[in-house]
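In this text the structure is predicted, and so the values were computed from the model without any measurement. Throughout, protein chains are lettered first and strands after them, A, B, ... in sequence-line order, and every chain is numbered starting at 1. Side chains included, hydrogens not; waters and symmetry mates left out as well; all remaining heavy atoms used.
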Amino acid sequence: MNLTSEFYHALIVCISAIFTQNILLTYFLGLCPFIGSSREIKSAIGLGAAVIFVMTCTCALNWLVYHYVLVPFHLEFFRFIMFIIVIAAFVQFVEMAIDRLSPSLYQRLGVFLPLITVNCAILGAALFMVIRDYGFIVTVGYGLGSGTGWFMAIVLMANIRSRLHNDAIPKGLQGAGITLIIVGIMALAFIGFTGVLAGR
Amino acid sequence: MIVTLLISVLIISAIAAALALLLVIAEYFFANYGQCTLTINKEKNVTVEGGSSLLSALASQKIFIPSACGGKGTCGLCKVKVLDGAGPLLPTEEPYLSQEEIKTSFRLSCQVKVRKDLKIEIPEELFNIKQYNCKCEEIRDLIHDIKLFRFRLVEPSDIKYIPGQFMQLLAPAYEKSKEDVYRAYSIASDPADKSIIDFIIRLVPGGICTTYCFNYLKVGDEAKMNGPYGQFRLTDTDAEMIWIAGGSGIAPFVSMLYHMKNTGSRRKTTFYFGANKTKELFLLDEMKQFEQELPNFKFVPVVYKPDENEKWNGETGLVTEAAARNNKNLADTEGCLCGSPGLINASIKVLKELGMKEEKIFYDKFA
Ligand SMILES: Cc1cc2nc3c(=O)[nH]c(=O)nc-3n(C[C@H](O)[C@H](O)[C@H](O)COP(=O)(O)OP(=O)(O)OC[C@H]3O[C@@H](n4cnc5c(N)ncnc54)[C@H](O)[C@@H]3O)c2cc1C
Ligand code: FES
């Protein structure tokens, strides 16, 4: 494939990862931080932004590790462990770097970064890129798209939840319960996008 | 088979080690701030290890900045003027600083990290703050969840404070808490007795410092505290006063009453003290004693809901309701409040409705 069509493919994958194949709303990955941090719009935006950044970078890193280390040594079956290690190290590194370089960004994102290490959407995206056999550029597009999709989902949810504050929700459904129901409905709504782009 | 196993283990370990090495190098590179010089009030220079918060860097130099939350950024007491070198204002600081303070470069010292040389300004009086080694001399049960702790100062052996101020008591690391924490407690003793510090402490279930005091601290044990801190105090006027407190919020008022007794004060003072049940009232004998010794002092216990079968002919309901029942116009009266944020906010509202001017309301929130 030449470079232009590669970029074109990356763009398509990116958009489809945001809307039709949203990592949260179609695959239900990264659900615990989604429910935990969607109470306030401000923290939802912070966590969402951190996810976009980490997801894009780790997808690219993991692609390199996978294709240049694991594949040549026939160690593909180790990818779960490998990816997790890479993600954890990367998050640590970024945390240190922004603490040093931009204290105010650190205050905004810093608290969310360690949370991301255990966000299964990040690992999920890395595994999907392997299963779907994406090239490097497409992988970057996919990481960016998945991150943005997750960002959009959590910010939407935070908005909805902030509107629910004053509503009388049955006791047993308060908190996580009603949130799960709303994600379900959001997921159904997002199915509407399916026809826009076919698959990958 | 064995070879594959070996290779895979080797490769994975190599990569993990490489990443770990990278992190160590990064840590060395990023987290090493070297020695930094703090210039205090333009005259004093101290050198500290960079990388920690300004609050703890100053504490390591035996300069104690007030802090009730132990550096969590939730009390807003640790304000310090940083003229140079602090970097941009952080979102965690904003809620605690007024526009005026932001303009005059005040910062929360627990949130400012020492990354390079800093120029700071500290009020002279903070240099009077010292660390005191003391001995727990008495623990007295007041009610089921409130005790009075008496400490005798050992080194330095005496202290000068203004009634209404508080100390920070150290709860050393113990089973329930991994690190040393400091918590603020108002002084409840007679300021004339310079070698004694009393605290009246309410047990907060699961609380680090209060659990330590109630279950671990024994008479004869050593303890550490630093202080005194705080602006909560009696004014120099002769204006009539209304005091409102609940629970352990009585503490600073006890010290103030001793002071008024020592100085033969004739200020008209009414102290509304709230409790849920009659059995939650305490220090009643002491209060009666103060009423006899101070000609214009009146203690008004207010019980929210007395049990039906007991005799209670004092005030009932909320303290704020009792204060509102007994006062019509408080335009010339001063208010002193102490206790939980809920009580204080409710009291401020009621007092303002009764005409008290906002600048005449003084309080210490136990939060
Ligand atoms: C200026 C000042 C003066 C104070 N004077 C006194 C005093 O004279 N007597 C006294 O008993 N306390 C006083 N306090 C409160 C005291 O400093 C501690 O906050 C309190 O004792 C709890 O400490 P802890 O370590 O046991 O609890 P922590 O481990 O800090 O807290 C445990 C949990 O309890 C909650 N909590 C914290 N404080 C309270 C509280 N006061 N009431 C209910 N829940 C709380 C916390 O949010 C946390 O979730 C004062 C506070 C200030 C700021
Ligand atoms: S020490 Fe409490 S806000 Fe800084």
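At a 4.5 Å heavy-atom cutoff, the contact between Met82(A) and chain B is made by side-chain atoms alone. For a residue to count as touching a neighbouring chain, one of its non-hydrogen atoms must lie under 4.5 Å from one of that chain's; by this rule Ile85(A) touches chain B with backbone and side chain alike.
Side-chain contact between Tyr363(B) and Asn345(B): absent, with no pair of heavy atoms (C-beta onward) separated by less than 4.5 Å. Counting heavy atoms from C-beta on, the side chains of Tyr174(B) and Ile208(B) come closer than 4.5 Å.
A cation-pi arrangement is absent between Arg79(A) and Phe83(A) under the rule of less than 6.0 angstrom and at most 45 degrees off the ring axis.
Pairing each heavy atom of Glu121(B) with each of Val80(B), the nearest pair is O-CG1, 3.8 Å.
Comparing Phe73(A), Phe78(A), Phe90(A) by heavy-atom pairs within less than 4.5 Å of chain B, the highest count is held by Phe78(A). Contacts with chain A were tallied for Thr4(B), Ile7(B), Ile11(B); Ile11(B) has the most, counting heavy-atom pairs under 4.5 Å.
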